Each structure stands twice: as C-alpha cells, then as structure tokens.
Amino acid sequence: MTHHAQEIKDGFSRLEGKEVSIAGRAMQMRQMGGITFIDIQDRSGKIQALIRNNDLDPKSLLVLTHASIGDNLGIRGMVMKSKRGEISVGAKEITMLSKTLRTLPNKWHGLTDTEARYRYRHLDLMMNQEVLRTFETRSKFMRHVRDTLDSRGAIEVETPILQDVYGGAKAKPFTTVYHTLDDKQMYLRISDELYLKRLIIGGAERVYEVSKDFRNEDADTTHNPEFTQIEYYEAYSDYEAFMKMMEEMLSSFALKTFGSTKVEYQGETIDFTPPFARMYWVDELKKMLGVDVSKMSDEVAARINEIEKLGLKHPDPYHVADSLFDKYLKGKTLQPTFVLDFPAFMCPLTKVKRGNPLLAERFELYVGRMEVANSYSELTDPIYQRKMFEDQERERKKGDEEAPPFDEDFLDAIEYGMPPTAGIGISIDRPVMVFTNQTSIKEVILFPPMKSLPPNEGTGDK
RNA sequence: GGGCCCGUAGCUCAGCUCGGUAGAGCAUCUGGCUUUUAACCAGGUGGUCGUGGGUUCGAAUCCCACUGGGCCCGCCA
C-alpha cells in the first residue's frame, strides 16, 4: 500500500497518471458488465476504484468475480478521473486481502441503532467514519495533555489500580478478592491522589499518571463507572499556577486542532480564549440565598434541604452545599469557568485559603456545564490531615458510604514532611465530549459497559 | 431506584389502532449491461416478530411478567 484515499484526492494534480496501490474495505460496488466501480474505504476516507475487465490479469479477474461489499481489497493502478469527473484508481491488479463472511449494514442508512453501535463497535467504525474521527480527537487531546505536562518537566508514572485502602475522592469503590493473599478484600482505585503524593514526599517534584479510575455508581450521559483522568502533582506550586496552566492547555489545543479558540458545541459557542471566568461560588450563593455554605451547622443544612426541596438522603453540609451549587450555579458554566474557593469542610485533602480558614484553595474547572478538572493547593500539614481523616471517619460512621476510609500509611508518609504542592485531576472524557460535540460520554468511550445479552444473540448472520 | 419511549430478515423500516398463512428497500445469490455515484433491469435465498406466560378456534397485533437499549429525573467529583 503506497497511499491513503485522502492523500490521492488531495494530491491529485501531482499524482494523476502515476501508479499507486491502495488497500481498504469495499463499501459499495456498482457493476455494469465489463466495468465495475468499487468504493474502497481506508482510515482516511473513501476512494473509487475503476475496474475494466479488459485491463485485468486472469487472477485479478477471478478475485473481482468473487468480491463483495465488506471484503478487504488491495488495488494497484493509475490515478485518474472517471468520465463523471470522480478521482479514481484505474485498477490493473486486485488482491483479496480478507473476505467477509457476514453482510455489512445497509449502505444508505448504515448502522444507527445505538445499542448495536456500542456493542459492535467494529461495525460502527466501518459504517460511521466520524466515530473514528472522534477517537482521533480523543487521542490528540491525551497527547496534548501529556505534552503540556512533559514540557513542565514532569515524569509519567504508574501506581496501583488494585489497592487495599482506597482514597483521594468520595465514591463507592468496586471490590475484588485477592485469592493468594488469604482472600484479602481489595479495591479498584477511585483516584491516584494518595500514591502520587507519596512520590512528591519522596522528592519526585513533578509527577503525573494517566489513570483509569473506577467508581461503583450508575452511568448517565456524563458519568461512566470506569473513566479516565490525568492526575498531576507539582511541588512548590499552588492552584493559581494550575489555573494558568489549564487556560493555556485548553486554548492551545482548540487553536491547534480546530484553528480557533472558539469551538461550536451543540449550537452554542464555547470560547477558550484566556482568561477563563472565575466564579466564587460561596459568595455567589451568599448573595443569592443569604446562606453562607462555608459555615453551615448540621441543623441549618437539614433545614435548607427542606426549604430548597433538595431531597437529599444525607442532608449534611457537604451534600447541601454541593446540591445548591448544582441547582443555582452549574447552569451558568457553559463557558470555561473556574469555580473556586470551596468550603474547607468539603475538602479533606486541601490546604485552607490564605486569609480565610473557612475556605479551601481549590478550583473546579467547568466547561459546557460539566466539571472537567479539579485542583487544589494540597494539604501538607500531617496534624491537620489526621484531623480531616478523623472527620471523614465520623461521616462514614454516620452512614455516608462514600466517605473515604482512614489511611494510616498515607499519614505516616506525610509526617516526613511534604513540600507545598499543587495537584489536579484533569478529566479526559468530558473535554473530549466538548471538543467532539457529543452529548453522551458513551460516544467518547470505545466500549462503554453493556449488560450481557442472553446466549445466541450476536449479530448471527446465518 | 422512578417516569416515558423502543426491540419484526445481516442493516433501515412498514404491519400492531380494529387478531385471520410475515412485508418493503438495501445486502447476498443467478442472469443481463464497458464510465457508475443509493447505478439500472429480471429472478431467487433469507424470519424462534426480544423472552416467558395468559386471553382466544386463532396472537407480530390484546393482557401480564421478565429482559436488553435510549432519553429524562434521582444518585454521582
């Protein structure tokens, strides 16, 4: 194979009359006796092969008579135009590269059934090439985030996915059993935070990990139980530095990939031109509702749950504050927005704000009304950290099954002294949704989880 | 967990209201056609109608349960 379809189309003036060989899947075939037109699709797109029986050697002729839509074919021939002006490869030789045993979906309507598209992603990719483009963009975005972090001198590391104590976020974990370790109960990580911080304590200074994390909760259009984020920790830095980093990272990606810092998303324009908006949400809520969520008692929180009809199972200050944000402010975050300065009690791993100990130095970046990054100046004080773990443990005993467990090993590590550090978790799935104009996270995950089908219900084409 | 919608040929769909032998287009196979663009013309093959139960002389169609999917809500960094 010497050329992709798109290269031949783009370089036609240069390639006309030259011999090329292409390879790909036959997507359409128009046979008119002594001449056949086959649309060959490779990963770049489609190009027409123009095949005159008279031009073929006997072996190629045999291949042609047995060819059908769905076969992988190799075509060698001259770049030319058909009478109707379509750029084509005038075949001299045809090779059967692989024969399909099944029939492809309808050439006109394609494969549109959402379930079938996710279950049989190979068919989806064949029939809907824009899906391939979506995942190319995903790949570019991950590459871009890595490049950004590499350019800051960070090293990429890998930490355990199977953990015996999980932490770093609030979520229900998946559990599993390690048989050769006395059937010990293990957890799939919900975040890599506590391991990466150990590396900072050890002196690594700048580390990141591309991390699949697992949270045992329902899927919806913005949540998948298995999702990807990149966590990055930088010593001698703070959350202000990371706001600048995110502005630069996202705007340069949009510019590089789409030629503009403005991106169309679902009929609206999202503008990544720095600086991004800043929303001091505790202040906003105070102005709007007269409530200071940074100092709510349990009683006040419970009363607000009633008055605001939040309907929370655990109407504690954490969940009430979170819910008020969702109800009143989340809708205003279409444009890239730093939502910042959280109540300190919501942030058990975060340093308190300089000048206001009720608040924490933390921001969440929202784009398209979705949280796409979460960052803070890390809590480095082992004594305060121990107290926060104790608080979490109390919440846990009160019935909040998402409150993370006490982690004595981590406390032991941080007691050696941790430099001031900024940390961030950059969601991959959600920004990719924005950059590929998708409204469901399943469109940016190649194999979203599906319930199992009863036996014998494949694409069985008998 | 709650609500609404959906599941018929490999794919895209009609048939269901009002029960009476399972349909179309594409794909596939056979024949014709040497510049087509969803090529065209003629003929053929292809179905546990998501699964199970009920009503009925008779169920793709009516009823119940289950199952899988989508959307919305709840939960969810």
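Proteins come first, then strands; the chains are lettered A, B, ... in the order of their sequence lines, and each starts at number 1. Nothing here was measured: the structure is a model prediction, and the numbers come from that model.
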Open item on the list: A:I51 and side-chain contact (heavy atoms from CB on, under 4.5 Å): which single residue from A:I35, A:L61, A:L64, A:V89 fits?
Closed with: A:L64

Open item on the list: At less than 4.0 Å, is any side-chain N or O atom of A:R52 found next to OP1 or OP2 of B:U34? Yes or no.
Closed with: no

Task: Closest to the A:M450 side chain, choosing from B:U35, B:G70, B:C11 - done: B:G70

Open item on the list: For B:U36, give the paired nucleotide (Watson-Crick: N1-N3 plus N6-O4 or O6-N4; G-U: N1-O2 and O6-N3; both under 3.5 Å), or none.
Closed with: none

Open item on the list: With a cut-off of less than 4.0 Å, is there a side-chain N or O of A:K442 near OP1 or OP2 of B:G70?
Closed with: yes

Open item on the list: Consider side-chain contact (heavy atoms from CB on, under 4.5 Å). Of A:D192, A:V207, A:L199, which one does A:Y233 pass it with?
Closed with: A:V207

Open item on the list: Of the options B:G68, B:A39, B:G74, whose atoms approach the side-chain atoms of A:E115 most closely?
Closed with: B:G68

- [ ] Report yes or no: is there a donor-acceptor pair, N or O only, under 3.5 Å between the side chain of A:E86 and the base of B:U36?
- [x] no

Open item on the list: Using Watson-Crick or G-U wobble geometry with both distances under 3.5 Å, which nucleotide pairs with B:C71?
Closed with: B:G3

- [ ] Tell me which of A:F342 and A:N53 sits closer to the 5' end of RNA chain B, going by the nucleotide each one is nearest to.
- [x] A:N53

Open item on the list: Any side-chain N or O of A:R30 below 4.0 angstrom from OP1/OP2 of B:U37?
Closed with: no

Task: Distance below 4.0 Å between A:Q28 side-chain N/O and B:A27 OP1 or OP2 - done: no

- [ ] Ignoring backbone atoms, test whether A:K451 places a side-chain nitrogen or oxygen under 4.0 Å from the OP1 or OP2 oxygen of B:G68.
- [x] yes

- [ ] Would you tell me if any nitrogen or oxygen in the side chain of A:K107 comes within less than 4.0 Å of OP1 or OP2 on B:A39?
- [x] yes

TODO: Can you figure out which of B:C29, B:U35, B:U12 approaches the side chain of A:S68 most closely?
DONE: B:C29

Open item on the list: Can you tell me how far apart CD1 (A:I270) and CZ (A:R369) are? Round to the nearest 0.5 Å.
Closed with: 8.0 Å

Open item on the list: I want to verify a distance call: between B:G10, B:U35, B:G1, whose nearest atom is closest to the A:T103 side chain?
Closed with: B:G10

- [ ] Identify whether the distance between the nearest side-chain nitrogen and carboxylate oxygen of A:D39 and A:R30 falls below 4.0 Å.
- [x] yes

Open item on the list: Need one value for A:Y366: base, sugar-phosphate or nothing, where a base atom within 4.0 Å counts as base even if backbone is also close, heavy atoms only.
Closed with: nothing

Open item on the list: In whole Å, I'd like the distance from the CH2 atom of A:W108 to the C1' atom of B:C26.
Closed with: 12 Å

Open item on the list: Nearest 0.5 Å, please: how far is CE in A:M29 from CD1 in A:I40?
Closed with: 7.5 Å

Task: Within 6.0 angstrom of A:K327 NZ, more than 12 heavy atoms from elsewhere - done: yes

TODO: Kindly point out which of B:U12, B:G70, B:A38 is positioned nearest to the side chain of A:T112?
DONE: B:U12

Open item on the list: I want to verify a distance call: between B:C29, B:C75, B:U36, whose nearest atom is closest to the A:D220 side chain?
Closed with: B:C75

Task: Donor/acceptor link under 3.5 angstrom from A:N54 side chain onto base of B:U34 - done: yes

- [ ] Any strand is fair game: report the nucleotide pairing with B:U28 by Watson-Crick or G-U wobble, both distances under 3.5 Å, or none.
- [x] B:G44

Open item on the list: Can you tell me which nucleotide in B:U37, B:U28, B:C11 comes closest to the side chain of A:P105?
Closed with: B:C11

Open item on the list: Is A:H319 close enough to B:C76 that one of its side-chain N or O atoms is under 4.0 Å from OP1 or OP2 there?
Closed with: yes

- [ ] Can you check whether any acceptor in the base of B:U36 is under 3.5 Å from a donor in the side chain of A:S82, or vice versa?
- [x] yes

Open item on the list: Can you identify which nucleotide, out of B:U35, B:C11, B:G68, has its nearest atom closest to the A:R119 side chain?
Closed with: B:G68

TODO: Describe the nucleic acid contact of A:T221 in one word from base, sugar-phosphate, nothing, applying a heavy-atom distance below 4.0 Å.
DONE: sugar-phosphate

TODO: Searching all strands shown, indicate the nucleotide that pairs with B:G23 (Watson-Crick or G-U wobble; both distances under 3.5 Å).
DONE: B:C13

